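Heads up, the thing below is written out as structure tokens.
Small disclaimer: the values here were computed from a predicted structure and weren't measured. Read the numbers this way: they start at 1 and go in the same order the structure lists the ligands and their atoms.
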Amino acid sequence: MTKKLAHRPSRKWGQNFLTDANVARKIAAAVQTPPPRLLIEIGPGKGMLTRYLLEYQEPYVGIEIDPQLAAYLKETYGNLPHFHLLEGDFLEMDLQALVANYPERHPVVLGNIPYNITSPILFKLLDHATRLREAILMVQKEVALRLVADPGTKDYGILRILTAVWADVTYLFTVPAARFYPRPKVDSAVVRLQFSSRYAEQIADYNLFRTIVRHSFQQRRKMLKNSLIPLLPEGIMDKLKDVWRKRPEQLSIDEWIALSNQIAQIQRGVTSGE
Ligand code: SAM
């Protein structure tokens with residue numbers, strides 16, 4: 001039996017609670033990673049998704065920042081041996097240490113995540129991509145579309161490229177704003193990230209890759225020639241003729257990797273005085 005809870009939703013913590021149990025069931029059922037798993041939920045809130053995740057009977061760790069909701073969750077599910085709740089900020093918690101406590105299990109992260117910290121959460125997950133198997137996340141629909149955007153479209157950008165390096169992303173389904181309380185202004189969507197280092201392994205210098213992508217998209221109307229010149233050693237553009245007239249949204253993930261590897265190679269040549 002779920003206990004009664006008098007709680008006032010907080011904007012600061014991006015609280016838009018899912019009100020449709022079918023959607024929660026679909027999110028839980030979307031897990032593709034086979035057992036044995038460790039289920040990690042970001043912001044379980046009032047437990048709408050939690051109850052379906054607990055049905056897996058596998059270790060579950062929820063991380064909830066709101067003390068009132070954390071207490072409520074502990075009271076409601078604390079009697080289950082596989083339920084664990086950490087009260088605090090997901091962005092501050094040591095995800096590596098958490099996962100290391102369950103070395104034999106495949107970590108799967110789930111959550112209807114607070115919209116105001118979507119990007120920091122995504123980037124934290126990408127930082128831990130080699131330790132995670134899968135993430136199933138509810139995000140704003142607009143973010144979901146950016147995560148799967150094709151080159152040449154307006155949604156294609158930094159988020160898509162940096163995510164694609166560490167994960168294959170699938171758009172699973174749209175969830176209308178009316179399925180939440182309080183009702184948000186926009187629709188949401190559920191995406192799946194299957195973590196994989198396939199692309200990351202091809203990148204010679206990931207910091208350089210990230211810098212080039214970020215810098216280019218900050219000036220997305222400019223040709224790469226113009227946006228990258230300040231970052232690169234003199235004369236380098238002559239060696240990058242094939243891409244320098246392109247705009248950032250025209251390059252595929254493979255082309256970004258090839259470009260950054262080429263720049264890394266030229267830079268090495270410059271620093272070693274070749
Ligand atoms: N999972 C619940 C649901 O679907 O109804 C709640 C979703 S609500 C969009 C986001 C939840 O994340 C809230 O419970 C909020 O308190 C929690 N939250 C916000 N910021 C957080 C953070 N930095 N770390 C952990 N939880 C956070």
Notebook entry, point to check: Would you say Lys46 has any N or O atom under 3.5 Å from an N or O of ligand 1, going by distance alone?
Noted result: no

Check: Can you tell if the side chain of Asn16 reaches within under 4.5 Å of the side chain of Tyr115, non-hydrogen atoms only?
Finding: yes

Next item on the list: Among all protein heavy atoms, pick the one closest to atom 20 (N) of ligand 1 and tell me residue, atom and distance.
Entry: Pro114 CG, 3.5 Å

Note to self: For ligand 1, which is the ligand I care about here, please tell me if Gly43 has any N or O atom under 3.5 Å from one of the ligand's N or O atoms.
What the structure shows: yes

Next item on the list: Could you pull out, from Ile65, Leu49, Ile27, Leu73, the option with a heavy atom nearest to atom 21 (C) of ligand 1?
Entry: Ile65

Next item on the list: Report the relative orientation of the aromatic rings in Tyr206 and Trp166; use parallel for angles under 30°, tilted for 30 to 60°, perpendicular for over 60°.
Entry: perpendicular

Check: For atom 23 (N) of ligand 1, which protein heavy atom lies nearest, and how many Å away is it?
Finding: Asp89 OD1, 2.7 Å

Check: Looking at ligand 1, does Glu41 have a heavy atom less than 4.0 Å from it?
Finding: yes

Check: Could you state the interatomic distance from CG (Leu38) to OG1 (Thr33), rounded to the nearest 0.5 Å?
Finding: 11.0 Å

Check: Non-hydrogen atoms of Ile117 versus ligand 1: any pair closer than 4.0 Å?
Finding: yes

Next item on the list: Give a yes/no verdict on a cation-pi contact between Lys124 and Phe90, requiring under 6.0 Å between NZ or CZ and the six-membered ring centre and an angle within 45° of the axis.
Entry: yes

Notebook entry, point to check: Going by distance only, is there an N or O of Leu18 that falls short of 3.5 Å from an N or O of ligand 1?
Noted result: yes

Margin query: Just to confirm my output: which protein heavy-atom neighbour is closest to atom 24 (N) of ligand 1, and how far is it?
Written below: Phe90 N, 2.9 Å

Note to self: Does any part of the side chain of Tyr156, heavy atoms only, come nearer than 4.5 Å to the side chain of Arg146, both counted from C-beta?
What the structure shows: no

Next item on the list: Note the single closest protein heavy atom to atom 3 (C) of ligand 1, along with its residue, its atom name and the distance in Å.
Entry: Asn112 ND2, 3.5 Å

Item checked: Minimum-distance protein heavy atom relative to atom 19 (C) of ligand 1 -> Trp13 O, 3.1 Å

Notebook entry, point to check: With a 4.5 Å limit on heavy-atom distance, are the side chains of Leu162 and Phe123 in contact?
Noted result: yes

Margin query: Taking the side chain as everything from C-beta on, heavy atoms only, tell me whether Tyr171 gets closer than 4.5 Å to Leu145.
Written below: yes

Note to self: With heavy-atom distances below 4.0 Å as the criterion, list the atoms of ligand 1 near Gly88.
What the structure shows: 24 (N), 25 (C)

Next item on the list: Considering only non-hydrogen protein atoms, determine which one is nearest to atom 9 (C) of ligand 1 and report residue, atom name and distance to 0.1 Å.
Entry: Gly14 O, 3.2 Å

Note to self: For ligand 1 and Glu64, I'd like to know whether there is a polar contact (N/O to N/O, distance under 3.5 Å).
What the structure shows: yes

Margin query: Between Gln194 and Gln32, do the side chains contain a donor N or O and an acceptor N or O under 3.5 Å apart?
Written below: yes

Checklist line | Min heavy-atom dist Ile63 to ligand 1 below 4.0 Å | finding: yes

Next item on the list: Would you mind reporting whether Asp20 and Phe180 have side-chain heavy atoms less than 4.5 Å apart?
Entry: no

Check: Any side-chain heavy-atom pair from Tyr60 and His84 closer than 4.5 angstrom?
Finding: no

Next item on the list: Report yes if Gln15 has an N/O atom closer than 3.5 Å to an N/O atom of ligand 1; otherwise report no.
Entry: yes

Note to self: I'd like to know if Leu91 contacts ligand 1, where contact means a heavy-atom distance under 4.0 Å to any ligand atom.
What the structure shows: no

Check: Would one find an N or O of Met48, backbone or side chain, under 3.5 Å from an N or O of ligand 1?
Finding: no

Item checked: Sub-4.0 Å atoms of ligand 1 with respect to non-hydrogen atoms of Pro44 -> 1 (N), 2 (C)

Note to self: Checking the side chain of Glu255 only, and the main-chain atoms of Ser252 only, is there a donor and an acceptor separated by less than 3.5 Å?
What the structure shows: yes

Check: Is any side-chain heavy atom of Pro9 closer than 4.5 Å to a side-chain heavy atom of Tyr181?
Finding: yes

